Structures are given as structure tokens and as C-alpha cells.
> 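For reference, the structure I am asking about is given below.
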Amino acid sequence: DEQSLRAAARLAAAELLLGGTTTALTMETVHDTDAVFDALVSTGLRAVVGKCLMNTGDRVPGRLYQPTTEAIDESLKRMQTDYLDLWQFHALQKVEDVETIWGPGGAMEGAQAALKAGKIRHLGLTGHTDPACHLRALEFGGVETLQMPLNPLDAHYLSFQNQVVPKAKAKGVGVIAMKTLCYGKALEEKVYTVEESFQYVWSLGADVIVSGMTSVAQLEQNAAAARAFAPMPDAERAALLARVKPRAGNEIESFKKKA
């Protein structure tokens, strides 16, 4: 059935990439995660999967202390583990979200308490709407990873790679790339290929790419691109950026705000 197929694909990912799993308590992927852990228990591969969690996605409750601590405890119980390697404040869309998290009684206080208690080991945040959120978080400090959209189109519009990546690298903050294929729109519109995007993004200095996959074939294609990676030559990079520039904006990168 569909649930079994999804679980099989993620087990294959664990074997191929030794990657992590994501649980966002208010996202539909939480159901996939349940299937994965059921499969892991039945196959004895539980230890292969890393622990990467995101907080609740609601704009206000998930940014405050109590909902954050409750979400961490619930996630520990559901994942049958006593700690999480990485906890990320998820989907920050406005600078005001950052201000709330770091403000009095905010989610950062809850996350720091969980750190001290050994429930989580590292903190990060995600966002794909506006690089200003990531820049404000870097000013506050206290996060060790930033997850952001990185792809060839990003260079030309509300650019995370130009504004955020250099500052994150300078502070020793890990860079997690997402939206490398723009929900698949970049492929549908033939803007660039999977291999071009991955090579480009890893050449930017991204530490890891989080890529959505809907089939084992896509998983194998991504794994092959990772194994074949070599830094993109400057001339090839310049040619790719020039080629995609006419498609820049939030038509393909629809997850970004309108300028």
C-alpha cells in the first residue's frame, strides 16, 4: 500500500545516505514519519536514522516557550528516543517571527531549557520566504544551522546565497539547503536539471541538501549526484546563472515573498 511504499523509500534513503528524518508536528509529513519508525522497529534499523526535528508551524503558539517544550517532549515520546540531534524553529516568514522567538517568554527560552536538560543537542531555524529572517537570527545568535532555499535562481531574487550564506559561514553556522528544485517547477519548466542544481548548491558551500523525493528512482538519482559531485567551474557557474536569469522571481520560486 502507499504507506508501505513511503516507508520503503525512506528506509532506502537511510541505507544509501545515512540521513536524518524530519518530524513537524503540524505538517502532513508527520504521518510518513510514523510509518518510517514502524518500519525501522520491524527491521531493526532504528539506529541508522538521525534525529532532526522542527517545532510546530503555527505562527504564534509555536514561537512561545510552553508550546515549544511540549512539542519537544511529544516528539521524544513519538520517536522513542531520549534526545534530538537538531531542533529547528520552522518556517519563519517575517522578522517579527524571529523577534517573538528570541523575546521574553519566547521559544528560544524553551529550546535553551531543553538543551540544558540534554533533550536536544543543537538548534537551528528554517525559512524560505525572506532572507531578512535568517540575518536577524544571526544577529541574535544561538543557532547552529540555517535551512534556506538555495538554487541557481536564488542568485537573482531575494538571494539567500548572496545575503545569508557568507555571514553564516563566517560565524561557523551550518547551511542546510532546501527548495533546490523549487517544488519540481524548475524541472517542469526545464530551467535547470537536478544535477546542475545539486552541483551548483554544493559548490556554494552548502553542508547538506534536503531534497523532496516521491520515488525510489528519484532517491537513486539524488544519491548518484551526491557521489559524482565535483565543484562547479567558474565559467560553468556563470553560464548557468546567465541562462536562468530570465526566469528569476517568485513565479518559479513561489515560496518567496513578492518583492
Side-chain angles (χ1 to χ4, degrees), residues 13 16-20 22 50 52 54 85-92 98 121-184 186-187 191-213 219 221-245 247-248 252-253 255-256:
L16 279 171
L17 304 175
L18 300 181
T22 298
C52 174
M54 297 187 292
D85 283 327
L86 174 63
W87 177 270
Q88 299 189 103
F89 301 115
H90 176 52
L92 278 65
V98 183
R121 294 186 171 181
H122 305 281
L123 284 175
L125 66 81
T126 84
H128 50 65
T129 304
D130 187 351
C133 296
H134 293 60
L135 295 174
R136 187 70 180 106
L138 283 173
E139 292 175 356
F140 275 119
V143 291
E144 297 171 81
T145 64
L146 293 174
Q147 185 166 327
M148 67 194 80
L150 293 175
N151 59 71
L153 286 168
D154 171 73
H156 302 296
Y157 180 74
L158 289 174
S159 179
F160 286 80
Q161 62 192 265
N162 293 337
Q163 298 183 51
V164 181
V165 171
K167 292 186 177 181
K169 288 293 183 180
K171 290 179 176 288
V173 172
V175 173
I176 303 175
M178 61 175 167
K179 305 293 187 288
T180 49
L181 305 176
C182 305
Y183 297 132
L187 302 183
V191 181
Y192 51 75
T193 67
V194 172
E195 290 75 15
E196 284 177 323
S197 183
F198 282 17
Q199 184 183 19
Y200 177 85
V201 170
W202 276 317
S203 296
L204 290 174
D207 296 294
V208 66
I209 290 176
V210 176
S211 179
M213 294 167 276
L219 167 66
Q221 182 181 16
N222 289 356
R227 295 190 182 106
F229 170 70
M232 181 173 281
D234 290 343
E236 187 175 336
R237 178 179 182 275
L240 175 61
L241 290 177
R243 194 183 86 217
V244 305
K245 188 174 182 179
R247 304 305 304 273
I252 302 296
E253 288 195 294
F255 41 83
K256 290 183 177 178

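Below, all heavy atoms of this structure are taken into account, side chains as well, without hydrogens, waters or symmetry copies. Remember, predicted model here, so these are calculated numbers, not experimental data.
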> Using the side-chain contact (heavy atoms from CB on, under 4.5 Å) rule, pick out the option among Asn151, Val191, Leu187 that qualifies with Cys182.
Asn151
> Does the side chain of Val173 come within less than 4.5 Å of Glu144's, by heavy atoms?
no
> Can you name the side chain to side chain contact (heavy atoms under 4.5 Å, CB included) partners of Asn162, sequence neighbours left out?
Ser159
> So do the side chains of Leu86 and Arg121 get within less than 4.5 Å of each other, counting heavy atoms only?
no
> For the residue pair Asn222 and Ser211, what are the closest heavy atoms and their distance?
ND2-OG, 3.2 Å
> Salt bridge check: are Lys169 and Asp207 linked by an N-O gap of less than 4.0 Å?
yes
> Which of these, Lys256, Lys245, Lys179, sits in a salt bridge (charged side-chain N to carboxylate O under 4.0 Å, His left out) with Asp154?
Lys256
> Kindly indicate, with the supporting measurements, whether the criterion salt bridge (Lys or Arg N to Asp or Glu O under 4.0 Å) is fulfilled by Glu196 and Arg243.
CA-CA 12 Å; Glu196 284 177 323; Arg243 194 183 86 217; 2.9 Å; yes
> Is the shortest side-chain heavy-atom distance between Ile176 and Leu146 below 4.5 Å?
no
> Is the Phe229 to Phe198 ring centre distance short of 6.0 Å?
no
> From Gln199 CD over to Leu204 CG, what is the distance, rounded to the nearest 0.5 angstrom?
11.0 Å
> For residues Ala177 and Val201, report the shortest heavy-atom separation together with the two atoms involved.
CB-CG1, 3.5 Å
> Looking at every non-hydrogen atom in both residues, tell me the closest pair between Tyr192 and Leu240 and how far apart they are.
CB-CD1, 4.3 Å
> Checking the side chain of His156 only, and the main-chain atoms of Leu241 only, is there a donor and an acceptor separated by less than 3.5 Å?
yes
> For the pair Ser197 (side chain) and Thr193 (backbone), establish whether a donor and an acceptor sit closer than 3.5 Å, ignoring hydrogens and angles.
no
> Begin with the C-alpha distance, continue with both residues' side-chain angles, and end with the deciding distance and a verdict on side-chain contact (heavy atoms from CB on, under 4.5 Å) for Met178 and Leu150.
CA-CA 6 Å; Met178 61 175 167; Leu150 293 175; over 6 Å; no
> Of all heavy-atom pairs between Leu138 and Ala168, which one has the smallest distance, and what is that distance?
CD1-N, 4.0 Å
> Using a 4.5 Å cut-off on heavy atoms from C-beta on, say whether the side chain of Thr145 contacts that of Val208.
no
> Set out, in order, the CA-CA distance, both residues' side-chain angles and the distance that settles side-chain contact (heavy atoms from CB on, under 4.5 Å) for Ile209 and Trp202, then state yes or no.
CA-CA 8 Å; Ile209 290 176; Trp202 276 317; 3.6 Å; yes
> Is there a side-chain contact (heavy atoms from CB on, under 4.5 Å) between Leu153 and Arg247? Walk through the geometry before answering.
CA-CA 7 Å; Leu153 286 168; Arg247 304 305 304 273; 4.0 Å; yes
> Looking just at side-chain N and O atoms, do Gln161 and Tyr200 make a donor-acceptor pair shorter than 3.5 Å?
yes
> Sort out for me which residue in Arg136, Met148, Gln163 forms a side-chain contact (heavy atoms from CB on, under 4.5 Å) with Pro131.
Gln163
> Do any N or O atoms from the side chain of Thr126 and from the backbone of Gln147 form a donor-acceptor pair under 3.5 angstrom?
no
> Report the residues that fulfil ring-ring contact (aromatic ring centres under 6.0 Å, His included) with Phe160, sequence neighbours left out, ordered by chain and then residue number.
His134
